[in-house]
J.: 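I have a structure I would like to understand better, so I am pasting it below and will then ask my questions one at a time.
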Amino acid sequence: MNKSDVNCIIRRMTMADVDGVAAVEAATFPTPWSRDAFVSEMKNVAARYLVAEVDGKVVGFGGAWVILDESHITNIAILKEYRGLGMGRALTQALLQYLSNLGAAYATLEVRKSNEVAQSLYVSLGFVKLGVRKRYYEDNQEDAIIMVCDHLPEAQEDFEEEETVTE
């Protein structure tokens, strides 16, 4: 599969996407979040999620929590067969733009110490390594690298979101 063969749409996650997102999560992580966790996230006023969709199928997603000017990326995942096509980069860039539009000044995340591919992607998007959370991951006690990006894209002036509080 080549980049040119894939028409990927990145859009806001809806409740109808929960099963697809839970399937991507289960296929990607050793200790995946449950379907119910994503249902709860869809009801969480601080949570925002995007999905990557190809031919009507959810093939990836990314989510974050936003509180005032702080944002924390909770998870980013792309199905294995769609990796290497630029979707992870496009999804992460779209998520950073979304967070900026919501008023976030920076984004933080944790990534497995062994996940050098993800770390490289994050560094290429402006993240820096800030520290380590020892034995963060429950499945194998692996350390997590804490990363932060403090220069998000400029907020889009025409951005509107129905449930976003504005004064």
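Worth knowing before you read on, the calculation uses all heavy atoms, side chains too, and leaves out hydrogens, waters and symmetry mates.
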J.: Please tell me whether K113 and Q119 have a donor and an acceptor in their side chains that are separated by less than 3.5 angstrom.
T.: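 No, because no side-chain N or O of K113 sits under 3.5 Å from a partner of the opposite role on Q119.
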J.: Just wondering, are more than 12 heavy atoms of other shown residues or ligands nearer than 6.0 Å to CZ in R135?
T.: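 Open: at most 12 neighbouring heavy atoms sit under 6.0 Å from CZ of R135.
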J.: With a 4.5 Å cut-off on side-chain heavy atoms, are L125 and C149 touching?
T.: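 No, side chains not in contact.
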J.: Ignoring hydrogens and geometry, is there a side-chain-to-backbone donor-acceptor pair from T108 to H72 under 3.5 Å?
T.: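 Such a contact is absent between T108 side chain and H72 backbone.
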J.: In the structure I gave you, are the side-chain heavy atoms of S100 and L102 within less than 4.5 Å of one another anywhere?
T.: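 Contact flag for S100/L102 side chains = no.
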J.: Centre of Y137's six-membered ring, under 6.0 Å away, within 45 degrees of the axis: is that where NZ or CZ of R112 sits?
T.: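 So R112 does make the cation-pi contact.
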J.: Is it true that atom CD of Q141 has more than 12 heavy atoms of other residues, nucleotides or ligands lying nearer than 6.0 Å?
T.: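 Count over threshold, so yes.
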J.: Heavy-atom distance under 4.5 Å between the side chains of L95 and Y49, does that happen here?
T.: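 SC-SC contact between L95 and Y49 ruled out.
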J.: For a 4.5 angstrom cut-off between non-hydrogen side-chain atoms, does L50 reach L91?
T.: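 Yes; the side chains approach each other to less than 4.5 Å.
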J.: Is the number of heavy atoms from other residues, nucleotides or ligands within 6.0 Å of CG (D55) greater than 12?
T.: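 No, the 6.0 Å shell around CG holds no more than 12 heavy atoms from other groups.
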J.: Side chains of I146 and K129: closer than 4.5 Å at any heavy-atom pair?
T.: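 I146 does not reach K129 side chain to side chain.
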J.: Can you tell me if E116 has over 12 outside heavy atoms packed within less than 6.0 Å of its CD?
T.: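 12 or below, so no.
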J.: Quick check against the 3.5 Å criterion: does S71 have a side-chain atom that pairs as donor or acceptor with the backbone of A104?
T.: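 Side chain of S71 to backbone of A104: no pair is present.
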J.: Treating R133 as the side-chain partner and E110 as the backbone partner, does any N or O pair qualify as donor plus acceptor under 3.5 Å?
T.: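 No, R133 side chain to E110 backbone: no donor-acceptor pair under 3.5 Å.
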J.: Under 3.5 Å, is there a donor-acceptor pair between the R48 and N101 side chains?
T.: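 Note: R48 and N101 side chains miss the donor-acceptor criterion.
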J.: Heavy-atom distance under 4.5 Å between the side chains of Y122 and I76, does that happen here?
T.: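 SC-SC contact between Y122 and I76 confirmed.
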J.: Using atom types as modelled and distance alone, determine if a side-chain donor or acceptor of S40 lies under 3.5 Å from a backbone N or O of D36.
T.: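 A pair under 3.5 Å: yes.
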J.: Just by distance, no angles: are the side chains of S114 and E142 close enough, under 3.5 Å, to form a donor-acceptor pair?
T.: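 Yes, side-chain donor-acceptor contact under 3.5 Å.
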J.: Looking at every non-hydrogen atom in both residues, tell me the closest pair between A27 and L79 and how far apart they are.
T.: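 The answer is CB-CD2, 3.9 Å.
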J.: With side chains defined as the heavy atoms from C-beta onward, is the minimum distance between V123 and M147 less than 4.5 Å?
T.: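 In short, these two side chains touch, coming nearer than 4.5 Å.
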J.: Can you find a pair of side-chain heavy atoms, one from M87 and one from V54, that are under 4.5 Å apart?
T.: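 Side chain of M87 against side chain of V54, heavy atoms only: contact under 4.5 Å found.
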J.: If only atom types and distance count, is the side chain of D139 paired as donor or acceptor with the main-chain N or O of P30 below 3.5 Å?
T.: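 Side chain of D139 to backbone of P30, a donor-acceptor pair under 3.5 Å: no, none is there.
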J.: V51 and side-chain contact (heavy atoms from CB on, under 4.5 Å): which single residue from I9, V58, V59 fits?
T.: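 Single pass found, and it is V58.
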J.: Please report the closest heavy-atom contact between F127 and L109, naming both atoms and the distance.
T.: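 Looks like CE2-CD2, 3.7 Å.
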J.: For residues 16-33, pull every pair meeting side chain to side chain donor-acceptor pair (under 3.5 Å), keeping only residues two or more places apart or in separate chains.
T.: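 For residues 16-33, and leaving out neighbouring residues, the side chain to side chain donor-acceptor pair (under 3.5 Å) pairs sorted by first residue read R11-D17, T14-D17, D19-R35.
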J.: For W65 and E70, test the side chains for any donor-to-acceptor distance below 3.5 angstrom and give the result as yes or no.
T.: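 Per modelled atom types, W65 and E70 side chains form no pair under 3.5 Å.
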